[in-house]
Amino acid sequence: AQDFGQAILCRLAAGVANCAGYPVALALLCDHFETEELSTAMGFYHAGSALGGLLGLAAGGSLVTSAGWRSAFLLLGAP
(Lines give C-alpha, C1' and ligand atoms only; values in the text may rest on other atoms or scores of the structure.)
Protein backbone atom coordinates (compact mmCIF):
# COMPACT_ATOMS: atom_id res chain seq x y z
CA ALA A 1 0.00 0.00 0.00
CA GLN A 2 1.22 3.45 -0.81
CA ASP A 3 -0.56 5.19 2.07
CA PHE A 4 -2.70 4.45 5.13
CA GLY A 5 -6.01 4.91 3.32
CA GLN A 6 -5.06 2.37 0.68
CA ALA A 7 -4.02 -0.12 3.36
CA ILE A 8 -7.38 0.30 5.12
CA LEU A 9 -9.26 -0.12 1.83
CA CYS A 10 -7.38 -3.33 1.01
CA ARG A 11 -7.97 -4.71 4.49
CA LEU A 12 -11.68 -3.88 4.21
CA ALA A 13 -11.89 -5.64 0.84
CA ALA A 14 -10.17 -8.72 2.29
CA GLY A 15 -12.64 -8.78 5.19
CA VAL A 16 -15.65 -8.51 2.87
CA ALA A 17 -14.31 -11.31 0.67
CA ASN A 18 -13.75 -13.52 3.72
CA CYS A 19 -17.26 -12.86 5.00
CA ALA A 20 -18.71 -13.76 1.61
CA GLY A 21 -16.94 -17.12 1.56
CA TYR A 22 -17.95 -18.29 5.04
CA PRO A 23 -21.66 -18.99 4.36
CA VAL A 24 -20.76 -20.73 1.12
CA ALA A 25 -18.32 -23.04 2.93
CA LEU A 26 -20.93 -23.94 5.53
CA ALA A 27 -23.54 -24.54 2.83
CA LEU A 28 -21.13 -26.89 1.07
CA LEU A 29 -20.57 -28.79 4.32
CA CYS A 30 -24.32 -29.09 4.83
CA ASP A 31 -24.78 -30.40 1.29
CA HIS A 32 -21.94 -32.89 1.49
CA PHE A 33 -22.38 -34.44 4.96
CA GLU A 34 -25.32 -36.26 6.50
CA THR A 35 -26.94 -34.85 9.63
CA GLU A 36 -25.14 -37.34 11.88
CA GLU A 37 -21.71 -36.30 10.54
CA LEU A 38 -22.35 -32.58 10.15
CA SER A 39 -21.27 -31.49 13.62
CA THR A 40 -17.95 -33.34 13.27
CA ALA A 41 -17.33 -31.82 9.84
CA MET A 42 -18.07 -28.31 11.10
CA GLY A 43 -15.82 -28.92 14.09
CA PHE A 44 -12.93 -29.84 11.81
CA TYR A 45 -13.67 -26.83 9.59
CA HIS A 46 -13.60 -24.39 12.49
CA ALA A 47 -10.60 -26.05 14.14
CA GLY A 48 -8.62 -25.46 10.97
CA SER A 49 -8.81 -21.69 11.45
CA ALA A 50 -7.58 -21.83 15.02
CA LEU A 51 -4.85 -24.37 14.34
CA GLY A 52 -3.72 -22.54 11.21
CA GLY A 53 -3.33 -19.30 13.15
CA LEU A 54 -1.49 -21.03 15.97
CA LEU A 55 0.84 -22.98 13.71
CA GLY A 56 1.42 -19.94 11.50
CA LEU A 57 2.55 -17.85 14.45
CA ALA A 58 4.81 -20.60 15.72
CA ALA A 59 6.33 -21.31 12.31
CA GLY A 60 6.76 -17.61 11.55
CA GLY A 61 8.40 -16.97 14.89
CA SER A 62 10.78 -19.87 14.42
CA LEU A 63 11.64 -18.70 10.91
CA VAL A 64 12.31 -15.15 12.06
CA THR A 65 14.44 -16.38 14.96
CA SER A 66 16.51 -18.74 12.84
CA ALA A 67 16.81 -16.89 9.53
CA GLY A 68 15.73 -13.28 10.13
CA TRP A 69 12.61 -11.33 9.33
CA ARG A 70 13.48 -10.81 5.67
CA SER A 71 13.39 -14.56 5.02
CA ALA A 72 9.87 -14.74 6.46
CA PHE A 73 8.68 -12.03 4.08
CA LEU A 74 10.40 -13.72 1.13
CA LEU A 75 9.04 -17.17 1.94
CA LEU A 76 5.49 -16.11 2.75
CA GLY A 77 5.28 -13.55 -0.04
CA ALA A 78 6.28 -16.04 -2.73
CA PRO A 79 3.36 -17.36 -4.80
Side-chain angles (χ1 to χ4, degrees):
Q2 296 176 352
D3 61 4
F4 185 70
Q6 189 178 19
I8 293 295
L9 183 64
C10 290
R11 183 67 182 126
L12 179 67
V16 168
N18 189 24
C19 289
Y22 183 72
V24 174
L26 293 183
L28 287 172
L29 285 174
C30 289
D31 288 344
H32 185 72
F33 290 97
E34 297 294 328
T35 306
E36 297 81 21
E37 302 172 326
L38 187 58
S39 59
T40 303
M42 285 193 178
F44 277 112
Y45 174 77
H46 287 99
S49 305
L51 291 175
L54 180 68
L55 293 175
L57 287 173
S62 296
L63 183 62
V64 168
T65 302
S66 64
W69 65 270
R70 287 183 177 92
S71 64
F73 279 103
L74 289 174
L75 181 67
L76 299 175

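Under the side-chain hydrogen bond (donor to acceptor under 3.5 Å, both in side chains) criterion, the residue pairs touching residues 43-66 are Tyr22-His46, with sequence neighbours excluded.
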Name the atoms and distances for all side-chain donor-acceptor pairs under 3.5 Å in residues 1-11, with sequence neighbours left out.
from	atom 1	to	atom 2	distance (Å)
Asp3	OD1	Gln6	N	2.9
Gln6	OE1	Gln2	N	2.7

Which pairs of donor and acceptor atoms, one on a side chain in residues 23-42, lie under 3.5 Å apart (sequence neighbours left out)?
none

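Connectivity analysis of hydrophobic side chains (ILVMFWY, heavy atoms under 4.5 Å, direct or indirect) links Val64 to Trp69, Phe73.
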